[in-house]
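Because only heavy atoms are used, hydrogens play no part in the values below, and waters and symmetry mates are left out as well, while side chains stay in. Throughout, a chain's letter reflects where its sequence line sits, starting with A, and its residues are numbered from 1. A quick note: this is a predicted structure, and the numbers were derived from the prediction, not measured.
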Amino acid sequence: MLKTAADIIAQAADIGADESLDLLEVPPDPALGDLATTVAFALAKHLRRSPVQIAAEVAERVKTAIDAEPLFERVEVKGPYINLFLDRAVVARFVINAISETGPSYGRTRDFEGKRALVEFPAVNPSKPWHIGHARNAVLGDTLCNVLEMVGFEVIRLDYINDLGLQIAQLTWRLMDGDLQPEKGEKYDHFLGRVYVDIQRDFESDPAVERAVREVARQLEIPDSDEARFSEKMVSECLKAQCQTAYRLGIYHDYQVWESSIAHSGLLDIAKKMILKCPSVMILQEGEKAGCIVAKLDDLEEFKGMKDPYKVLFRSDGTRTYTGADLAFQMWKHQIIEDPFRYVEFEVQPNGKPVYRTTLEGHRHDLGKVDLVFNVIAAAQAHPQRLIYNILELLGYKRESENSHHIAYEFVGLEDTEFSGRKGTWIGYTVDDVLDRAEEIARIEVEKRNPDASDEFKNRVAGQVAVGALRYFMLNASPDRKITFRWDSVLDFEGDTGPYLQYSYARAQRILERAGDEGEGGDATLLVTPYEFALVKALSRFPYEVVQVVRGLKKEVRGTAFSSNRLTEYAFEIATLFSKFYDNCPVLKADGDLRRARLALVRAFRDTIRNCLQMLGIPVIERM
RNA sequence: GGGGCCGUAGUCUAGCUUGGAUAAGGCGCCAGCCUGCGGAGUUGGUAAUCCCCGGUUCAAAUCCGGGCGGUCCCGCCA
């Protein structure tokens with residue numbers, strides 16, 4: 001449609017087709033037209049004549065051209081703007097046919113078929129329950145995967161489990177003797193989180209505690225120590241509890257890479273040997289960093305003139321820094337380093353698929369080469385992420401460096417405080433707490449509308465509404481903007497929210513149910529009211545919107561922006577247009593052909609919003 | 001000191017990449033639509049120096065320069 005319009009205008013105004021496409025826009029009010037071109041402004045410059053005059057002349061030539069083009073009905077000039085009107089009947093038939101032919105796969109494209117992507121998220125420490133900040137990461141990551149799959153990518157969903165961190169050492173130290181146990185009914189991740197906040201006080205005030213914990217941390221690095229064995233059980237149990245939260249949100253993974261595997265599989269040694277071959281990596285002989293393996297950053301244009309250009313990858317005692325481990329991990333993700341991991345099944349997820357974890361004993365898996373790697377990490381980590389990608393380039397892996405993406409997002413905070421693991425300010429704001437509370441509120445609403453339904457139904461729908469509300473809330477905010485958590489906005493199910501979308505689907509579904517099997521086919525050329533046509537036009541944009549978001553995944557200084565909000569915005573737009581159509585165009589009460597035509601439009605909307613919701617991970621609810 | 005991000009009605013946000021018609025939406029508030037396919041809806045109204053100053057341009061919320069305010073980041077830490 002766009003292309004046809006652009007070609008006609010290009011002919012009429014004597015400009016290039018690409019330029020013409022750039023000059024196309026959608027008028028602010030549909031009454032002005034469906035498409036507009038600002039070509040008159042562009043020409044006014046060279047021709048040194050009034051754009052209004054030029055518009056009139058170009059429009060004359062456009063007018064004769066569209067007489068031969070069934071897609072367009074007429075052209076109008078409004079000052080310097082040339083506005084095109086689509087032939088509603090022709091477009092409606094075209095769009096509705098296209099959607100009904102593809103149905104469940106409408107929105108899927110093959111733009112990136114054959115490409116593979118690896119996405120890491122959310123990498124929560126296995127020492128506490130997920131709080132709502134983690135939910136932002138997880139929901140963004142999961143939705144990114146869905147979106148990539150929509151455009152043809154094969155996606156590997158990966159989680160990183162830091163089972164060797166200081167937090168784990170603290171918990172191991174405190175819990176190993178077994179005198180502390182979860183309270184009755186307490187989820188294990190919540191239990192650890194509670195204990196962890198307690199330990200913090202002692203750890204920070206009592207040097208003896210700190211020494212003891214450091215010793216445990218050292219023991220954890222030894223694979224068969226008592227500490228390591230206890231810790232593995234503790235971490236597994238915590239992770240299983242955390243997974244329950246993930247599953248509530250509809251989030252699943254393919255693999256977990258545990259830090260202990262990175263440490264003991266030989267990955268680090270291989271990486272160390274490989275990077276030492278690079279001229280920009282060296283062991284410093286003197287200075288404050290003597291004995292460290294460092295990357296010399298000012299060999300890169302970007303870091304020219306740094307005071308201290310040396311970034312430590314391995315300390316003088318031979319141990320890895322975060323950057324060092326992360327670099328090795330990133331090399332592994334790109335399969336620059338041959339996979340040293342063994343894998344075992346961690347558990348079977350509710351979606352029926354197993355998630356595998358890395359171990360030292362188990363079988364090998366071939367993950368294969370990937371084209372793109374995405375790390376979903378807070379925006380605050382932009383600098384360390386960039387370092388890793390830059391060092392990758394220093395090592396000679398330019399392509400892998402370019403194909404490494406940091407999906408950056410801002411924190412979720414409270415009105416006056418940030419979430420802090422140490423201070424325990426997250427207490428009361430775990431994902432479980434938020435979902436529980438949202439479910440309670442949703443349950444009241446479901447009860448109001450379906451007093452006679454079963455408890456099973458009410459609870460299920462309340463859960464789906466709660467998840468829909470939370471996921472939408474996270475996705476609808478532009479990732480580079482901080483979210484201030486307020487209960488009333490998460491618990492709001494009206495207006496620009498997830499439940500509104502779910503409701504619009506349920507409404508459409510009810511109409512179709514009541515219509516039964518009748519009304520197949522139908523003559524879409526009857527759909528010419530502004531309400532119907534606005535919906536038709538919007539539905540036709542779905543595949544384009546998805547591809548646009550993927551094309552928008554470009555590298556920037558701050559990381560790679562993923563405009564999840566464009567997708568929620570689109571979903572909200574079609575749901576709103578459907579509501580307006582619903583209020584203005586009776587479907588079941590219409591007669592004959594018109595009824596069948598409108599049913600076809602409802603079906604097209606239903607298919608589109610369903611595919612959209614699935615992509616966003618918002619539960620599709622048949623009745624609510 | 002250097003760098004990133006943010007600043008838009010009472011409030012929360014979208015739009016900024018690629019300049020274009022009356023700055024869009026949610027919440028709030030006011031007034032309608034329930035003997036209409038489900039009111040988690042819809043119609044109308046209210047409400048903005050688009051942080052400030054300057055520049056580029058026929059045209060700036062959008063691009064450029066300089067400020068101001070908020071926030072994050074720049075360790076052999078984790």
Criterion side-chain hydrogen bond (donor to acceptor under 3.5 Å, both in side chains) on A/E573 and A/T576, from CA distance to verdict: CA-CA 5 Å; A/E573 183 189 339; A/T576 303; over 6 Å; no
So what does [X] touch, heavy atoms closer than 4.0 Å: a base, only the sugar-phosphate, or nothing?
| X | result |
| --- | --- |
| A/A380 | sugar-phosphate |
| A/I511 | base |
| A/Y582 | base |
| A/Q381 | nothing |
| A/D488 | nothing |
| A/E556 | nothing |
| A/R623 | base |
| A/T319 | nothing |
| A/D480 | sugar-phosphate |
| A/D326 | nothing |
| A/P27 | base |
| A/T321 | sugar-phosphate |
| A/A408 | nothing |
| A/K482 | sugar-phosphate |

Would you please confirm or rule out a distance under 4.0 Å between OP1 or OP2 of [N] and any side-chain N or O of [X]?
| X | N | answer |
| --- | --- | --- |
| A/N584 | B/G36 | no |
| A/K311 | B/G75 | no |
| A/R507 | B/G39 | yes |
| A/Y531 | B/U42 | no |
| A/K289 | B/C76 | yes |
| A/R481 | B/G7 | yes |
| A/R558 | B/U17 | no |

Rounding to the closest angstrom, what is the interatomic distance between [N] and [M] at atom [atom1]?
| N | M | atom1 | answer |
| --- | --- | --- | --- |
| B/U49 | B/A59 | P | 24 Å |
| B/C29 | B/U22 | P | 32 Å |
| B/A48 | B/G10 | C1' | 11 Å |
| B/A60 | B/G69 | C1' | 23 Å |
| B/G65 | B/C5 | P | 13 Å |
| B/C51 | B/A9 | P | 8 Å |
| B/U8 | B/C50 | P | 11 Å |
| B/G75 | B/U57 | C1' | 48 Å |

Look at the side chain of [X] and decide which nucleotide, out of [options], has an atom nearest to it.
| X | options | answer |
| --- | --- | --- |
| A/E494 | B/G20, B/A14, B/G41 | B/G41 |
| A/P499 | B/A78, B/A40, B/C12 | B/A40 |
| A/V465 | B/A40, B/C27, B/A21 | B/A40 |
| A/P28 | B/G38, B/A78, B/A21 | B/A21 |
| A/R315 | B/C77, B/A40, B/G4 | B/C77 |
| A/E25 | B/C37, B/U43, B/A21 | B/A21 |
| A/Y500 | B/U42, B/A40, B/A14 | B/U42 |
| A/N565 | B/A78, B/G15, B/C5 | B/G15 |

Stepwise side-chain hydrogen bond (donor to acceptor under 3.5 Å, both in side chains) check, A/Q509 with A/E513: CA-CA 6 Å; A/Q509 192 63 344; A/E513 265 173 37; 5.0 Å; no
First of A/K589 and A/F493 reached from the 5' end of RNA chain B, by closest nucleotide: A/K589
Residue met sooner reading RNA chain B from 5', once A/Y310 and A/T38 are mapped to nucleotides: A/T38
N/O donor-acceptor pair, side chain A/R449 with base B/A40, under 3.5 angstrom: yes
Proximity of A/F41 and A/Y81 rings by center, below 6.0 Å: yes
A/Y160 OH: over 12 foreign heavy atoms closer than 6.0 Å: yes
A/D18, CG: over 12 other non-hydrogen atoms inside 6.0 angstrom: no
Reference residue A/N375; test side-chain hydrogen bond (donor to acceptor under 3.5 Å, both in side chains); the match among A/H405, A/Q381, A/Q330: A/Q330
Non-hydrogen atoms of A/V446 and A/A462 that approach each other most closely: CG2-N, 4.2 Å
[N] pyrimidine/purine six-ring stacking with [X], under 5.5 Å and 30°:
| X | N | result |
| --- | --- | --- |
| A/Y322 | B/A78 | yes |
| A/Y81 | B/A21 | yes |
| A/F41 | B/C58 | no |

Polar side chain donor-acceptor pair, A/Y409 to A/D480, under 3.5 angstrom: no
Side chain to side chain contact (heavy atoms under 4.5 Å, CB included) between A/I293 and A/R315, worked out: CA-CA 7 Å; A/I293 296 180; A/R315 302 184 187 103; over 6 Å; no
